[in-house]
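Report on the following structure.
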Protein chains: 2
Amino acid sequence: MPQRVDEERAVDALVQASFAVTRVLSEVASEHDVSLTLLRLMGILLDHEPRMAELAEHLGLERSTMSGLIDRAERRGLVERRPDPVDARATVVVMTEDSRELVESARERILETLGEFLLDLHPAQIAHLTDSLETIVSTAGGTR
Amino acid sequence: MPQRVDEERAVDALVQASFAVTRVLSEVASEHDVSLTLLRLMGILLDHEPRMAELAEHLGLERSTMSGLIDRAERRGLVERRPDPVDARATVVVMTEDSRELVESARERILETLGEFLLDLHPAQIAHLTDSLETIVSTAGGTR
DNA sequence: TATTGTTATACTCTATAACTATA
DNA sequence: TATAGTTATAGAGTATAACAATA
């Protein structure tokens, strides 16, 4: 069953590549004195003003975890809580100018560092890799 | 500069795919009542008997973090500490029968679940994806 | 009644600094 | 002196359970 073996190799490669990418992302987050979770959260805030529950859902965390995360980020001036105008139970989270700068700087570093991962691939390979990864992400998202 | 744009798209795809993969790995670890860090650590022990410092290096953690991690895992019967026969300062970590079973069961679940991520790719695409990811992993590893 | 968010609690993961034992 | 590992300490991230306010 060569197909099965190919799939195992693909899964192993996905896992190892994810570890390598996550390591870089964690290092960049650390350089900016935030956790990877918080960096990712602020990345979401770049183009969303989500409620607490939406953030939790998106990140795969409990609502109570989100409360603590947002508490600490708010104390550091990285996010603000606003009442949701259409539902008095809900709270909307928005980023601050400081966190926007932080995220933009982190993004530059990520492009630099992960860009180096691509040095040994030809442009055509990069294009195919991008297509396949985008397909995987939408397949994964659809599952959820 | 289309090349630059292509690289940005590739990096974004790498990051999003890594998040999706990490989410699955964390869920599978959680199903087995261990953290992703501990699952990964036990995965290393499948074919290595590393010292504490080697484990820390491999996982990108401090030695003191490793002490705590191994303490908790040892209390749960998932690993054992052995004196290094050639260096009385050093400690070697080995897995137990329980942890071998846990890791093998987790590996099955990971193959199942991440295998589904590949459903919308043709066999040839999977082969190219695997090649590119393996190249990336070795490029990343060489950097370190 | 169901949902949104918070609080209280507890545990894991993580790092820094100071220490012991061995090389 | 330098290295391997541990301990003490502190803080972040995480979940579960119980709760108040609103829908």
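Numbered from 1 within each chain, the chains take letters A, B, ... in sequence-line order.
At whole-Å resolution of the value, CD in B:Glu62 and P in D:dT7 are 17 Å apart. Here the C1' atom of nucleotide D:dA12 and the CG atom of A:Leu39 are 15 Å apart, to the nearest Å. Across the protein-nucleic acid pair, B:Glu57 atom CD and D:dA4 atom P stand 11 Å apart, rounded to whole Å. The interatomic distance linking B:Asp84 (CG) with D:dG5 (P) rounds to 8 Å, in whole Å. We find that CG of B:Leu61 is positioned 15 Å from C1' of C:dT16, with the value rounded to whole Å. Atom-to-atom, CG of B:Leu55 to C1' of C:dT14 comes out at 16 Å; the value is rounded to the nearest Å. Atom P of nucleotide C:dT7 and atom CZ of A:Arg81 are separated by 8 Å, given to the nearest angstrom.
The stretch residues 126-140 of chain B participates, sequence neighbours left out, in these salt bridge (Lys or Arg N to Asp or Glu O under 4.0 Å) pairs: A:Arg9-B:Asp131, A:Arg9-B:Glu134. Within the structure, every pair that satisfies the salt bridge (Lys or Arg N to Asp or Glu O under 4.0 Å) test and touches residues 29-42 of chain A, not counting sequence neighbours, is listed here: A:Glu31-A:Arg109.
Annotation: the span from B:His48 atom NE2 to B:Leu41 atom CG amounts to 12.0 Å, rounded to 0.5 Å.
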What protein N or O atoms touch nucleotides 21-23 of chain C N or O atoms at under 3.5 angstrom, if any, and at what distances?
from   : atom 1 : to      : atom 2 : distance (Å)
C:dA23 : OP1    : B:Ala88 : N      : 3.0
C:dA23 : O4'    : B:Arg89 : NE     : 3.4

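A heavy-atom distance below 4.0 Å to DNA chain C is reached by none of the residues of residues 28-37 of chain A. Contacts between residues 90-98 of chain A and DNA chain C, defined by a heavy-atom separation under 4.0 Å, are made by A:Ala90, A:Thr91. Near DNA chain C, meaning a heavy atom under 4.0 Å away, the residues from residues 63-78 of chain A are A:Arg63, A:Ser64, A:Ser67.
Residue B:Val92 belongs to a hydrophobic cluster whose other members are B:Val94, with links defined by side-chain heavy atoms closer than 4.5 Å.
The side-chain contact (heavy atoms from CB on, under 4.5 Å) check on B:Asp120 picks up A:Thr135, A:Thr139, with sequence neighbours excluded. In this view, B:Glu54 satisfies the salt bridge (charged side-chain N to carboxylate O under 4.0 Å, His left out) rule with no residue, not counting sequence neighbours. For B:Glu8, the side-chain contact (heavy atoms from CB on, under 4.5 Å) partners at least two apart in sequence or on another chain are A:Arg107, A:Leu111, B:Arg4. Taking the side-chain contact (heavy atoms from CB on, under 4.5 Å) definition, one finds that A:Glu74 meets it with A:Val79, A:Arg81, sequence neighbours left out. With sequence neighbours left out, B:Glu97 forms a side-chain contact (heavy atoms from CB on, under 4.5 Å) with B:Arg100, B:Glu101.
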For this session: List the steps and the verdict of side-chain contact (heavy atoms from CB on, under 4.5 Å) for A:Ile136 and B:Gln16.
Result: CA-CA 9 Å; A:Ile136 282 178; B:Gln16 293 310 315; over 6 Å; no
Problem set entry | Residues B:Leu114, B:Leu118; criterion side-chain contact (heavy atoms from CB on, under 4.5 Å); working and verdict | CA-CA 7 Å; B:Leu114 290 187; B:Leu118 305 173; over 6 Å; no
Problem set entry | CA sep, side-chain torsions, deciding dist, call: A:Val21, A:Ser18, side-chain contact (heavy atoms from CB on, under 4.5 Å) | CA-CA 5 Å; A:Val21 168; A:Ser18 291; 5.8 Å; no
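With hydrogens and angles ignored, the 3.5 Å screen pairs no side-chain donor or acceptor of B:Ser132 with any backbone N or O of A:Leu129.
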